[in-house]
Amino acid sequence: MSHSNLPMTEVLVVADCWHSEPDADAVIQRAIAQAAAMIDDDFAGAEVAVMLTDDSGIRTLNCNWRGIDKPTNVLSFPALQPEGEWKPGDAPRMLGDIAIAYETLRREADEEQKPFDHHLSHLAVHGFLHLIGYDHENDADAEEMEALEQDVLAQLGIPDPYAER
């Protein structure tokens, strides 16, 4: 995977509970890099911000932005893209922000008997795909997005997260 075409990913830890997962930054970096490498697009000069928060923080975001007053595992906030093509020397192209909630991620991983890092990788990939335009609003879009998630995770040595459904 060529690192020159990958986005820069900044991971911000805003909740103390994440300090129990010292490899979270590396897991997220690896997952997003793999996803970007498998997409037919040039992400050079692009940036992604990932906020590692807790259920309280993500509940606030979910309520404020989606009108849903409960925590969730991951939220994505795609950035508006400027008109025209990005050129070297321009300000970084912001793809958007991803927020991941520790307690929900931990609970889901435990309930599904998945390693924490595997579920974190899946949520990072899922969030990244939302930033670049993928969604699961209808069955066809969901199948396309899930297939891509499965392919990316397989490249990371992570089993199909949807196999148990």
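Note: hydrogens, waters and symmetry copies are ignored here, and every other heavy atom, side chains too, is used. Treat the numbers as computed from the prediction; the structure is a model and nothing was measured.
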Using the ring of each side chain (for Trp, its six-membered ring), is F116 parallel, tilted or perpendicular to Y102, with breaks at 30° and 60°?
tilted
Please work out whether the ring planes of H126 and H130 are parallel, tilted or perpendicular, with thresholds of 30° and 60°.
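Geometry flag for H130 against H126: perpendicular rings.
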Set of residues satisfying side-chain contact (heavy atoms from CB on, under 4.5 Å) with respect to R59, sequence neighbours excluded:
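Counting only residues at least two positions away or on another chain, R59 forms a side-chain contact (heavy atoms from CB on, under 4.5 Å) with D69, P71.
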Looking only at non-hydrogen atoms, find the nearest pair between [X] and [Y] and report the distance.
| X | Y | value |
| --- | --- | --- |
| F43 | I132 | CE2-CG2, 3.7 Å |
| I98 | F128 | CD1-N, 3.5 Å |
| P7 | I32 | CG-CG2, 4.3 Å |

Suppose we screen for ring-ring contact (aromatic ring centres under 6.0 Å, His included). Which residues come up paired with H118, at least two apart in sequence or across chains?
none
State which residues pass ring-ring contact (aromatic ring centres under 6.0 Å, His included) with H19; sequence neighbours excluded, sorted by chain then number.
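If we apply the ring-ring contact (aromatic ring centres under 6.0 Å, His included) test to H19, skipping adjacent residues, there are no hits.
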Heavy-atom count check: over 12 atoms from other residues, nucleotides or ligands less than 6.0 Å from E111 CD?
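More than 12 within 6.0 Å, yes.
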Could you list all the salt bridge (charged side-chain N to carboxylate O under 4.0 Å, His left out) pairs where at least one residue sits in residues 122-143, not counting sequence neighbours?
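Found none.
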Which residues end up grouped with L75 if you chain together Ile, Leu, Val, Met, Phe, Trp and Tyr wherever their side-chain heavy atoms are less than 4.5 Å apart?
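Once heavy-atom contacts under 4.5 Å are chained together, L75 belongs with V14, M51, I58, L61, W65, F77.
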Tell me whether Y134 is reachable from M94 by hopping between hydrophobic residues (I, L, V, M, F, W, Y) whose side-chain heavy atoms are closer than 4.5 Å.
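Cluster IDs for M94 and Y134 differ.
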Residue pairs fulfilling ring pair (Phe, Tyr, Trp, His ring centres under 6.0 Å) with at least one residue in residues 138-158, sequence neighbours excluded:
none
Rounded to the nearest 0.5 angstrom, the CG-CD distance for L6 and Q29 is 10.0 Å
side-chain hydrogen bond (donor to acceptor under 3.5 Å, both in side chains) with T104: which of N73, T72, D54, D55?
D55
Can we say E108 and K114 salt-bridge, meaning some charged N sits less than 4.0 Å from an Asp/Glu carboxylate O?
no
